[in-house]
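Not measured: the values here are computed from a predicted model. Only heavy atoms go into these numbers, but all of them, side chains included; no hydrogens, no water, no symmetry mates.
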Amino acid sequence: MWLAVIAVLIGLAILVWSADVFIDGATALAKKLNVPSFLIGVIILGLGTSAPEMVVSVLAALEGSPELALGNAYGSNIINIALVLGATALISPIIIHKGIIKRDLPILLIITALAAWQLRDGQLSIVDGLVLLALLVVILGIQIVLSVREGSSHKVDDIDDIDDIDDIDDNKIVEHRAVDDALSAADNEPSLLRGLWALFLGLTMLVASSRAIVWGAVELATLWGLSELIIGLTIVAVGTSLPELVASLSAARKGEHDMALGNIIGSNIFNTLGVVGLAAVIAPISASPIILSRDVLAMSAITLLLVVLCGAAFIRHRPFGRGSGAALMLFFVGYTLWLMQTVNM
């Protein structure tokens, strides 16, 4: 028992610390590569925090349980939006930018609709899996290209602003730029390496500490006489989303609102396209009717609700705040109760 208590306490301490290290590394990387924080959130944080789900799903498919991969991915998507983003918004309101409304949320909505359409007959074939993986590559490519263009346009704007200042001697500008370039070249590589190391260390400790907390909590719950069903629906479900939760909370607390939202959107994109697609390629998936009538429906509903709430916040020029977070949390509570009623005891 005491070992389980120690695992939970130490795991929580390491979890908070590793989240800060992870976000600091991501922020440093975004600045050094001159890319938007949202892109770092989508690709690096989204992929990194989805790594556990990907490993679980691949192993499930290899062991002849591909449907487990489907439930793992879709359940994680629901928890990411309803619980993780809901809790983040309750603690630290998130600023919604134009690009998120015009590009990223529509992409997530289309992907979710595609996932529901592919499962209309209850089957996911190898071809369906290949389509999902190909779409993942295309979307990541588009995100990278658009972000590079945005970074370039920001550079041009900065140069134009400098050229508009007539009182500054051109030779001094050249000298200052030469000095800045030299200093940047001198410290760019070490800083980049430190950022990458912080990302790797933070993510590794983030996942490891989450697993320690889940193990300790399950051990304690078992000793207290709770059923495996309750443990699975509460402790394990929430525990597997701890990396996304603490990463988003840490990003929002540090003012990296784009990174916090990008983490959730990126994680859901990787889950829907990468995790499910890879599992379907390994072994075709036959989904039970309950997944279609409950999980796919809930995933579609929470994604649509997210788009509506973000759109309303953007139109009203307000942050994605506590009211929206409370609505998402209520959805999570309702989904959990629905889940308990529909699972065979």
Using the rule that two of Ile, Leu, Val, Met, Phe, Trp, Tyr join whenever any of their side-chain heavy atoms come within less than 4.5 Å, decide whether Leu109 and Leu140 are in one cluster.
yes
Give a yes or no answer on whether the side chain of Thr88 reaches the backbone of Val84 with a donor-acceptor pair at less than 3.5 Å.
yes
Rounded distance (nearest 0.5 Å) linking atom CG of Leu261 with atom CZ of Phe320:
7.5 Å
Counting distance only, does the side-chain N/O of Asp128 pair as donor-acceptor with the main-chain N or O of Ser125 below 3.5 Å?
yes
So Leu85 and Asn80, side chain to side chain contact (heavy atoms under 4.5 Å, CB included) or not? Walk me through it.
CA-CA 6 Å; Leu85 189 56; Asn80 282 346; over 6 Å; no
Do Leu108 and Ile269 come within less than 4.5 Å of each other through their side chains, counting heavy atoms only?
yes
State, to 0.1 Å, how close Asn77 and Ser267 come at their nearest heavy-atom pair, and which atoms those are.
OD1-O, 4.4 Å
With rounding to the nearest 0.5 angstrom, report the CG to OG distance, Leu305 to Ser300.
12.5 Å
Heavy-atom pair of closest approach, residues Leu90 and Arg322:
O-NE, 3.1 Å
Separation of Ile94 CD1 from Cys310 SG (nearest 0.5 Å)
8.0 Å
Just checking, Arg194 and Trp197: is the charged tip under 6.0 Å from the six-membered ring centre and within 45° of the axis?
no
Please answer: with hydrophobic residues joined when any side-chain heavy atoms are less than 4.5 Å apart, are Leu304 and Met299 in the same cluster?
yes
Over all heavy atoms of both residues, which pair between Pro93 and Gly321 is shortest? Give the atoms and the distance, please.
CB-CA, 3.9 Å
Can you get from Ile101 to Leu309 by hopping between Ile, Leu, Val, Met, Phe, Trp and Tyr side chains that sit under 4.5 Å apart?
yes
Spacing of OG1 belonging to Thr272 relative to CG belonging to Leu135, to within rounding of 0.5 Å
10.5 Å
Do you know which two heavy atoms are closest between Gln123 and Ser286, and how far apart they sit?
OE1-OG, 2.9 Å
With the side chain counted from C-beta on, respond yes when Phe332 and Ile79 share a heavy-atom pair under 4.5 Å apart, and no when they do not.
yes
Indicate the atoms forming the closest heavy-atom contact of Ile78 with Ala298, along with that distance.
CD1-CB, 3.7 Å
Which atom names give the shortest non-hydrogen contact between Gly122 and Leu292, and what distance separates them?
CA-CD1, 4.2 Å
Atom pair CG (Leu105) and CD1 (Ile96), whose distance is rounded to the nearest 0.5 Å:
7.0 Å
For atom CZ of Arg120, decide whether the heavy atoms of other residues, nucleotides or ligands shown that lie under 6.0 angstrom number more than 12.
yes
Parallel, tilted or perpendicular: which fits the ring planes of Tyr335 and Trp338, with parallel below 30° and perpendicular above 60°?
perpendicular
Hydrophobic clusters here meaning ILVMFWY residues chained together by side-chain heavy-atom distances under 4.5 Å, can you tell me if Ile126 and Leu133 are in one?
yes
Examine Ile110 and Tyr74 and state if one hydrophobic cluster contains both, with Ile, Leu, Val, Met, Phe, Trp and Tyr joined whenever side-chain heavy atoms are less than 4.5 Å apart.
no
Got Ile107 and Ile142 here, is their nearest side-chain heavy-atom distance under 4.5 Å?
no
How far does CZ of Arg103 sit from CD1 of Ile265, to the nearest 0.5 angstrom?
10.0 Å
Side-chain touch Val276/Asn271, heavy atoms, less than 4.5 angstrom
no
